[in-house]
Number of protein chains: 2
Amino acid sequence: MTSTLLSAAAVAATQPADPRALTPALPDFELIELLFFAYRDFVGEPDRLLERHGFGRAHHRVIHFINRHPGLTVAELLDILEITKQSLARVLKDLIHGDFVEQKAGAEDRRQRLLFLTDKGRALADGLATMQHQRITRAVAAIGPEHRPMIARFLAELIDKERGAAPATGPSAP
Amino acid sequence: MTSTLLSAAAVAATQPADPRALTPALPDFELIELLFFAYRDFVGEPDRLLERHGFGRAHHRVIHFINRHPGLTVAELLDILEITKQSLARVLKDLIHGDFVEQKAGAEDRRQRLLFLTDKGRALADGLATMQHQRITRAVAAIGPEHRPMIARFLAELIDKERGAAPATGPSAP
DNA sequence: TGAAATATGTCAACATCATTGACGTAATTT
DNA sequence: AAATTACGTCAATGATGTTGACATATTTCA
C-alpha cells in the first residue's frame, strides 16, 4: 500500500513563484517536468500504433517528414533529423521493404533518391498524425484557441537558432 | 550546393489555418513539429554536459527526480519514470558508484532504499536544471511572462490522465 | 575529357537505453 | 510460520544511435 503513485501532473505541480523571492531564482521545475511528461505521452500513444507494424519512434519521424515533404532527398532528411546515414538507412530499409516508402531517382540529379510515401505509408502517417493532432487539439481547446500562437511562439523559442537558416533558394520549405 | 539546410523553424513553419476550410481539418503539423524540435533541443543541451561524465539522458532523469524529491524510494522512482527495474538499476549503479547518489535504508521500513543526491550530484543536477531553466526563461520572456500559466496548462493537458491519480493520502503531491 | 566532388548505399563494430523473465535476500505483514 | 513486499541481480534481446571506411553512380569543374 506504499508507492504513492505519483501522477505526472502531481509530480510536476510546483509552487508557481516563490512568495518573497529571497532565493536566486529557482529553476522552473514545473515547466521542465511538464515538458518531460507531455512529450513522453505525446509520442507514447503513436508508439503503440507503430508497434503493430514492428516499427519504432525512428520510423515515425521518417514517415512524418516524408509525408510533409514528398520528394524529399535522403540528404535533406538527414539534415532535418540530425542523425547519421547509418541510423537512417536501417529505418528507411524497413519502410521501403514494408512498402510504406518508395524511392524515385531525381529528374535533374539522378544520384538523388527522392522519397515518397506509398498509399500504405500515407495511411499510417495519417493515423499517427491524427493521434497527435487530437491530443494537441484537446490541449489547445483547454487554454482557448486564441492562445495557440503563444504556444507556437514559446516552442519555437525553445529551439536552437544556430542551425542552418534557409539558404539562397528561398525563405523556407516549399 | 544542394541540401536545402532546412532549419527546424523553417520545417515547422506551416500555413496556420487553411483559408477556406474544405478539407476535414488538417493535422496541426506546426505544433506537432515544434514539439519535436523543441524537445530535442531542450534535452540536447543537457546531453552535452552529461557526456562529460559518461552519462546519458537516463541519468539526467534519475538525478532530476531525486533532486526534486530527496529520500524518494526506488519504487516511487520507477513509478515516475515508467521504466523497468533493470533499466533503472544500471543507471542508478553508475550514479552511486560515481558518488552522485547515495542510498539510505528507510527508517520506518528498512527494506526501502531512500535515494539522495550527494553534493557532487546536486552540483550536476543544478547545472542541468540551470540550462533548461534558462532556455525556458528565454522562451517565456519572448511570449510575455503573463502567458506562462497558459503554457503550463497546455502541457498538462497533453499528459495522459488515466495514470494513477493520487491515492488515499490526498489530492496530489505534498 | 579526365579528375574531383557529391549523393547514396553498405559494412563492421560499438554504446545507450529500453525490454522480459527469473531468481535471491532481507524485512515486513498477516 | 507463511506470504508479501522492496530491492538487487542475472541472462538474453531489441531499438536506436554512433564512427569510420569503402563502393558505386552521377555530376561538376578545370
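When reading the values below, keep in mind they use all heavy atoms of this one structure, side chains included, and skip hydrogens, waters and symmetry mates. Numbered from 1 within each chain, the chains take letters A, B, ... in sequence-line order.
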Q.
Go through it in stages, so that I can follow the logic: the residues are A/Glu157 and A/Lys161, the test is side chain to side chain contact (heavy atoms under 4.5 Å, CB included), and I'd like the CA-CA distance, side-chain angles, deciding distance and then a yes or no.
A. CA-CA 8 Å; A/Glu157 289 289 335; A/Lys161 279 157 192 55; 4.0 Å; yes
Roughly, in whole Å, what's the span from [atom1] in [X] to [atom2] in [N]?
X: A/Arg61; N: D/dA15; atom1: CZ; atom2: P; answer: 15 Å
X: A/Phe55; N: D/dT16; atom1: CZ; atom2: P; answer: 10 Å
X: A/Arg111; N: D/dT26; atom1: CZ; atom2: P; answer: 10 Å
X: A/Leu88; N: C/dT8; atom1: CG; atom2: P; answer: 10 Å
X: A/Arg90; N: D/dT19; atom1: CZ; atom2: P; answer: 13 Å
X: B/His59; N: C/dA18; atom1: NE2; atom2: C1'; answer: 13 Å
X: A/Leu77; N: C/dG9; atom1: CG; atom2: C1'; answer: 15 Å
X: B/Glu51; N: D/dT19; atom1: CD; atom2: C1'; answer: 13 Å

| Qualifying residues under side-chain hydrogen bond (donor to acceptor under 3.5 Å, both in side chains), relative to B/His59, sequence neighbours excluded |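 By the side-chain hydrogen bond (donor to acceptor under 3.5 Å, both in side chains) rule, B/His59 matches B/Asp94.
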Hits for ring-ring contact (aromatic ring centres under 6.0 Å, His included) against B/Phe65, two or more places apart or cross-chain, chain-then-number order -> A/Phe36, A/Phe37
Under the rule for ring-ring contact (aromatic ring centres under 6.0 Å, His included), what residues qualify as partners of B/Phe100, not counting sequence neighbours?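 B/Phe100 satisfies ring-ring contact (aromatic ring centres under 6.0 Å, His included) with B/His53, B/Phe55 once adjacent residues are dropped.
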Are the side chains of [X] and [Y] in touch, meaning some heavy atoms are under 4.5 Å apart?
X: A/Arg122; Y: A/Asp119; answer: yes
X: B/Arg48; Y: B/Met131; answer: no
X: A/Leu35; Y: A/Leu158; answer: yes
X: B/Leu114; Y: B/Gln103; answer: no
X: A/Ile151; Y: B/Ile143; answer: no

Per [X] side chain, nearest of listed nucleotides [options]:
X: A/Thr84; options: D/dC7, C/dT8, D/dT18; answer: D/dT18
X: A/Ala75; options: C/dC17, D/dT26, C/dT8; answer: C/dT8
X: B/Arg113; options: D/dC7, D/dA6, C/dT19; answer: D/dC7

When the rotation axes relating C1' atoms of four end pairs to the next four are compared across the helix from C/dT1-D/dA30 to C/dT30-D/dA1, five pairs an end, they differ to 10° by 20°
Using atom names, set out every protein N or O paired with an N or O of nucleotides 9-11 of chain D below 3.5 Å, distance rounded to 0.1 Å.
unit_1, atom_1, unit_2, atom_2, d
D/dC10, N4, B/Gln86, NE2, 2.8
D/dA11, N6, B/Gln86, NE2, 2.8

Query raised in the report: Going hydrophobic residue to hydrophobic residue with side-chain gaps under 4.5 angstrom, can you get from B/Phe116 over to B/Val74?
Result: no
Query - Same apolar cluster: A/Leu31 and A/Val140, side chain cutoff 4.5 Å - result: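 Yes, same cluster.
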Per the under-4.0 Å heavy-atom filter, residues of residues 94-107 of chain B near DNA chain D come out as B/Gln103
Worksheet item: When the nearest nucleotide of DNA chain C is assigned to B/Glu108 and to A/Val74 on a heavy-atom basis, which residue is associated with the more 5' position?
Response: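 Result: A/Val74.
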### Message
Does a side-chain N or O of A/Ser87 approach OP1 or OP2 of D/dT18 to a distance below 4.0 Å, or not?
### Response
yes
Less than 4.0 angstrom from a charged side-chain N to a carboxylate O is my criterion; do B/Arg135 and A/Asp160 meet it?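 Answer for the salt bridge query: yes.
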- Query: Contact class for A/Arg57 vs. all strands (heavy atom < 4.0 Å): base, sugar-phosphate, or nothing?
  - Reply: sugar-phosphate
